[in-house]
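We use all heavy atoms of the structure for the numbers below, so side chains are in, but hydrogens, waters and symmetry mates are not. Model, not experiment: these values are computed from the prediction. Whatever order the structure lists ligands and atoms in, that order sets their numbers, starting from 1.
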Amino acid sequence: MVQRYVMAIDQGTTSTRCILFDARGRLVSVAQREHQQHFPRPGWVEHDAVEIWRNLGRVVPQALSDAGIEAGQVAALGIANQRETTVLWDRRTGVPVGRAIVWQDTRTDGMVDQLAREPGADRVRRLCGLPLATYFSAPRLRWQLEHTPGLRERAERGEVLFGTIETWLIWNLTGGPDGGVHVTDVTNASRTMLMNLRTLSWDDELLEFFDVPRVMLPEIRSSTEVYGTTSRVVPGIDIAAALGDQQAALFGQTCFAPGEAKCTYGTGSFLLLNTGTTPVLSTHGMLTTVGFRIGDEPAVYALEGSIAVTGSLVQWFRDGLGLISSAPEIETLARTVSDNGGCYIVPAFSGLFAPHWHSEARGVIAGLTSYITKGHLARAVLEATGWQTREVVEAMNADSGLALSTLRVDGGMTADNLLMQFVADVLDVPVVRPMVAETVSLGAAYAAGLSVGYWPDLEGLRRNWHRAAQWLPEMDLARREREYAQWRQAVALTFGWTRPAPAATPGSDVTELVQADHRRLEELFRGLRDEQADRDLLTAELAALLTAHAAATERVLHPSEPGPDVSADVRAITEPGPEGEKALLRLENAVDEHIRGEERGLLNELRRTVSPAERLGLGRAFAAERARRLERARAGGPDPRGGVQL
Ligand SMILES: Nc1ncnc2c1ncn2[C@@H]1O[C@H](COP(=O)(O)OP(=O)(O)O)[C@@H](O)[C@H]1O
Ligand SMILES: O=P(O)(O)OC[C@H](O)CO
């Protein structure tokens, strides 16, 4: 009998790959082609959908011929794709309306800000699981409808089709204008902001909110089912699965059970945690998304921490700055120095995604001195990926109530040992990589193979997972926490860059004032740890600031939970000997936790839900209340709160 194989297409942000797998999940052949990235204006990122389709037409026959395999030996085809990127095309001709707008594109920043203030904005997240951000498809679909003359009318007449990349490819593979099937899978649909997370169908309220005509949308289908048979490129192959690439990686890493998680390190990095058949809404900046849906079974959901820029920062270092000539050279350059020299790079090129969701942020290089060399910059580039992972893992742990115990990784950046060691160090958990690094393609192949009975069940697939590499944490706690605090300080510098409030005094937005207090508190703790410092003086300022900050926060911002009373520790830190030191450590930890909670929860919430003008107003109220309390504390007057509370 002729041996059969499964074909996977991974249509990623930078390239299109076709990979053939055998029944044991081993890679038989790979063909790949990059496509051009178009950056027509700052913050704009576009792809030519026709170029991507043509590349597919080349890699598929090439993968088959390299392996000496006929189309008839392919049991099924699975597609994994870059998500959220939007393509619009003419139903009759198949010609795209302009270029595809890529998930990294931030042109809708102003529109998103405006939408966030419209009635119904507060319901969006509950309906679709996603925060209002430039990242997702609906805002840019609306942008296209508004900015392309005549497009809305054509769309309403049913002449224009919308799709994410898998929809575009499936439509073309199954005939294009001659009977092409217009479908999407539920994981890709869950990234549009137009699908209801519970009903798994297009949601009328969301369609109205984003003003999108339903007639242009594809039919939402399961992740594993036969959508149609190819009639172009290589005819006669069943297209039996489609998944967003990050969900495909979750599948390829065999994270089939609740609690299992993976992080894929490519252009961006995406950590997904399987949460089972009920969607979990995040309170810490994670996305709720569909992980996969097998046939008619209930959908499996995931929490996702999306990081926009990781590998693309390495690409920028290579192509934009020309400091290296290939991506792997970054590791060699970073190893010329032993640390980052105090330098941090926050790559907010597309704003900041999880857990911050600041579309208006832009990148910074912080901590520059004349000591910094390109070696330090190379380290800072790699470390940016590690710290961003840490932020996401902390938020994920807070949402799930569980501490991640091991991180399964995959993707192009996992070839970098220095980086993977750094990730293990800053997370303080082991990091493991499987034998097949092409996890996205493997996941698409697994899904397609399951769909047509090539593989019988999930358990069989699990047995194919083998560990190829492991990194164990080595960094000491004090360094980890010290550097993380610096990283967070650098992150705060990126906020608000593209949206300076015209009539505002700099720094008078309430979120900035709260953050300025946080940074001063951190400084005071650094001072208190210095043996030469005047501890009494610093403690007095610390107590006054903590009291004034907490009172102003409570009065103006109404946080949902009161913080702990730390009066005893504040008093004890001036005691000589180990008791004083222990109290200082306890207090610093408690304040640190408070700061992180407030920055991630309350402040992010304010930025998302309250307009800049209102935040300025709140800022004035906050500053007044804080000043009143500080004055009272300095004058030694009684504090009605009766102690120091966070
Ligand atoms: N040795 C390396 N060290 C750091 N980054 C790397 C290394 N090798 C590749 N990369 C980065 O990984 C990314 C490619 O990974 P890949 O998984 O193919 O991405 P994608 O699927 O998003 O196109 C590129 O952005 C590249 O800069
Ligand atoms: O194509 P990748 O690997 O960069 O993944 C992109 C993501 O799907 C964007 O959400």
Provide the closest heavy-atom pair for [X] versus [Y] in the form atom of the first, atom of the second, distance.
{"X": "S400", "Y": "L273", "answer": "CB-CD2, 3.9 Å"}
{"X": "V426", "Y": "G386", "answer": "CG2-O, 3.5 Å"}
{"X": "T13", "Y": "H47", "answer": "O-CE1, 3.1 Å"}
{"X": "L303", "Y": "M286", "answer": "CD2-CB, 4.0 Å"}
{"X": "L404", "Y": "V429", "answer": "O-CG1, 3.3 Å"}
{"X": "P430", "Y": "L472", "answer": "CB-CD2, 3.8 Å"}

Practice task
Could you list the atoms of ligand 1 found under 4.0 angstrom from a heavy atom of G411?
Solution key: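 Taking each heavy atom of G411 in turn, ligand 1 has 17 (O) under 4.0 Å.
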
Exercise for the section: Just jot down the ligand 1 atoms closer than 4.0 angstrom to any heavy atom of S312, in number order. Expected result: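 That gives atoms 25 (O) of ligand 1.
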
Practice task
Tell me which part of Q32 gets within contact of ligand 1: side chain, backbone, both or neither, using heavy atoms under 4.0 Å.
Solution key: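 Looking at Q32 and ligand 1, no heavy atom falls under 4.0 Å.
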
At a 4.0 Å cut-off, with the gap strictly under it, does some heavy atom of [X] reach an atom of ligand 1?
{"X": "M413", "answer": "yes"}
{"X": "P328", "answer": "yes"}
{"X": "S15", "answer": "no"}
{"X": "R17", "answer": "yes"}

Exercise for the section: State whether the side chain of R142 and the backbone N or O of F209 hold a donor-acceptor pair below 3.5 Å, judged by distance alone. Expected result: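 Checking the backbone N and O of F209 against the side chain of R142, a donor-acceptor pair under 3.5 Å is found.
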
Exercise for the section: Give a yes or no on whether the backbone of V280 and the side-chain of T288 come within a donor-acceptor separation of less than 3.5 Å. Expected result: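 Yes.
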
Handout entry: Near ligand 2, at a heavy-atom separation below 4.0 Å: residues by chain and residue number
Key =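 The answer is G12, T13, Q82, R83, E84, W103, Y135, D245, Q246, T267, F270, counting any residue whose heavy atom sits under 4.0 Å from ligand 2.
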
Handout entry: From the candidates T267, V440, D319, the one that places a heavy atom nearest atom 22 (O) of ligand 1
Key =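 The nearest heavy atom belongs to T267.
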
Exercise for the section: Just do the side-chain hydrogen bond (donor to acceptor under 3.5 Å, both in side chains) check on E84 and S137 with the steps written out, would you? Expected result: CA-CA 5 Å; E84 302 97 10; S137 314; over 6 Å; no

Exercise for the section: Using the ring pair (Phe, Tyr, Trp, His ring centres under 6.0 Å) rule, take F422 and W387 through it: C-alpha gap first, then chi angles, then the decisive distance, then the call. Expected result: CA-CA 9 Å; F422 188 73; W387 293 125; 5.4 Å; yes

Provide, to 0.1 Å, the distance between [atom] and the closest protein heavy atom, together with that atom's residue and name.
{"atom": "atom 27 (O) of ligand 1", "answer": "G311 O, 3.0 Å"}
{"atom": "atom 4 (C) of ligand 1", "answer": "D416 OD2, 3.4 Å"}
{"atom": "atom 6 (C) of ligand 1", "answer": "A327 CB, 3.8 Å"}
{"atom": "atom 23 (O) of ligand 1", "answer": "T14 OG1, 2.6 Å"}
{"atom": "atom 13 (C) of ligand 1", "answer": "G266 C, 4.0 Å"}

Exercise for the section: For residues 300-311, pull every pair meeting salt bridge (charged side-chain N to carboxylate O under 4.0 Å, His left out), keeping only residues two or more places apart or in separate chains. Expected result: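 Residue pairs passing salt bridge (charged side-chain N to carboxylate O under 4.0 Å, His left out), neighbours aside: R83-E304, R191-E304.
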
Practice task
Please say which of I324, I345, L382 ends up in a side-chain contact (heavy atoms from CB on, under 4.5 Å) with F317.
Solution key: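 Among I324, I345, L382, the one that satisfies the side-chain contact (heavy atoms from CB on, under 4.5 Å) with F317 is I324.
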
Exercise for the section: Could you check R479, E474, R390 and say which one makes a side-chain contact (heavy atoms from CB on, under 4.5 Å) with D425? Expected result: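 Between D425 and the candidates, side-chain contact (heavy atoms from CB on, under 4.5 Å) is satisfied uniquely by E474.
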
Regarding ligand 1, does [X] bring an N or O atom to under 3.5 Å of one of the ligand's N or O atoms?
{"X": "D10", "value": "no"}
{"X": "G412", "value": "yes"}
{"X": "Q315", "value": "yes"}
{"X": "I330", "value": "no"}

Practice task
Report yes if some heavy atom in the side chain of F21 is under 4.5 Å from a heavy atom in the side chain of S29; otherwise report no.
Solution key: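 Answer no - side chains too far apart.
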
